[in-house]
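Read the structure below first, then the notes.
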Amino acid sequence: MRVLYPSSIMNCNDARKHLHAFADGELPAPQADAVAKHVDACPTCDQTVKDHRTLRSALCSVIVAAPVPEALKFKINAVVSSDTTAAPSASGGGMFGTRLRAYSLAACILFASGLFLWRSLSQSGAPTNVAIGPKQIATVPGPATLVADVHNKCCDHGPGHHRKDLPTKLADLGPALCSHFNDKIKALAPDLSAHGYRFESANLCGIQNTPGSSGGHLLYANDTKPSRLSFFSVPRWDELGDCMTACAEPATGCRQCEVPEKDGGTLAILTWTKDGTTYVCCGAEPAAVIASMISQARMALANLNDEIRLTIMLPQR
């Protein structure tokens, strides 16, 4: 027997029994109208309906975008087949009841799998899978992929990457970049000529997809091979360091990651953070080589901090 709930007597206890069906549009018209009137007048039930529709929409978008794994299809078919061939239960229901239970169980499996997938994909900074044919190699953190993309795009410009209002000499670049950003970052301009890399260009590039994330970006060109090295001084970005691994040598204080390239090569990315600035070096050299190259810059930064502390401690004349 169908039970109708006139809007004048429906309360939260009555409405809660039908909220999910109402949100999915599965209630018959009389009940749907009664629930709708209650939801319009009850903020709590209204929020429940909105939450259910939001979750349902998110799950549907993920399930449509991602194919159902063959193993999951097999499990669902196995559950449905085994339950529909079972004998009717003593409590009644017959074949219809067993099929209903089978499909309900299958739906629960699919729902749980979709929820897990949705939550996995919605995590911030989730790794980017790099696929080669049918196999996958190690996942690459999203922030590291951003660094590699900016490095490659800027390298494509060559010397044209240089911003015209920036100095062309390394000695002047550090102070100019610090001044441009009102000393909110401590930009470095290391000399890497002793390692075969000459300074080529500088610009104000960001490696995050957020406003106010731009910083100093220096490009160095190798004298003997078609290779470039990026050095960034950008506003502090802890997420980059958090998703990378510590360098083999703990004394360096750096973190590192390798990003596979389409041509089969590999980009090494090293980063460290000091106060409000994150420093990043990216290039097609082994991570140990890059760590050796930038060690001088790290020592210079440490010496600068010592000089600042000494100046503050000295009595003013």
Side-chain angles (χ1 to χ4, degrees), residues 1-86 88-129 136 139 141-143 208-211 239 242-243:
M1 178 178 179
R2 182 178 299 172
V3 181
L4 302 181
Y5 295 95
S7 59
S8 58
I9 64 171
M10 177 168 278
N11 54 36
C12 286
N13 288 333
D14 295 329
R16 287 194 192 104
K17 303 173 184 177
H18 309 287
L19 289 182
H20 287 178
F22 171 76
D24 292 336
E26 296 178 353
L27 284 181
Q31 283 180 290
D33 291 341
V35 175
K37 290 178 181 179
H38 174 80
V39 167
D40 288 341
C42 177
T44 301
C45 291
D46 179 56
Q47 188 61 49
T48 299
V49 172
K50 290 179 179 177
D51 291 343
H52 179 76
R53 286 173 174 168
T54 300
L55 177 60
R56 190 175 188 275
S57 176
L59 284 174
C60 287
S61 64
V62 172
I63 292 172
V64 170
V68 178
E70 290 300 323
L72 180 58
K73 289 182 181 178
F74 178 80
K75 289 181 179 179
I76 294 175
N77 290 331
V79 170
V80 173
S81 299
S82 62
D83 240 15
T84 53
T85 57
S89 64
S91 58
M95 184 61 71
F96 176 78
T98 55
R99 286 189 177 182
L100 180 60
R101 288 193 298 276
Y103 283 112
S104 297
L105 180 58
C108 289
I109 295 174
L110 185 60
F111 179 84
S113 302
L115 180 59
F116 175 79
L117 178 61
W118 172 62
R119 291 184 62 185
S120 300
L121 294 178
S122 63
Q123 295 293 325
S124 61
T128 302
N129 288 327
Q136 285 186 337
T139 56
Q208 300 182 55
N209 292 327
T210 56
E239 184 181 352
D242 291 344
C243 69

How long is the span from the CG atom in L19 to the CG atom in D51, to the nearest 0.5 Å? 11.0 Å
Using salt bridge (Lys or Arg N to Asp or Glu O under 4.0 Å), reason through D33 and K37 one step at a time and then give a plain yes or no. CA-CA 6 Å; D33 291 341; K37 290 178 181 179; over 6 Å; no
Non-hydrogen side-chain atoms of C12 and H38 separated by less than 4.5 Å: yes
Name the one of K17, H18, R16 that satisfies side-chain contact (heavy atoms from CB on, under 4.5 Å) with V35? H18
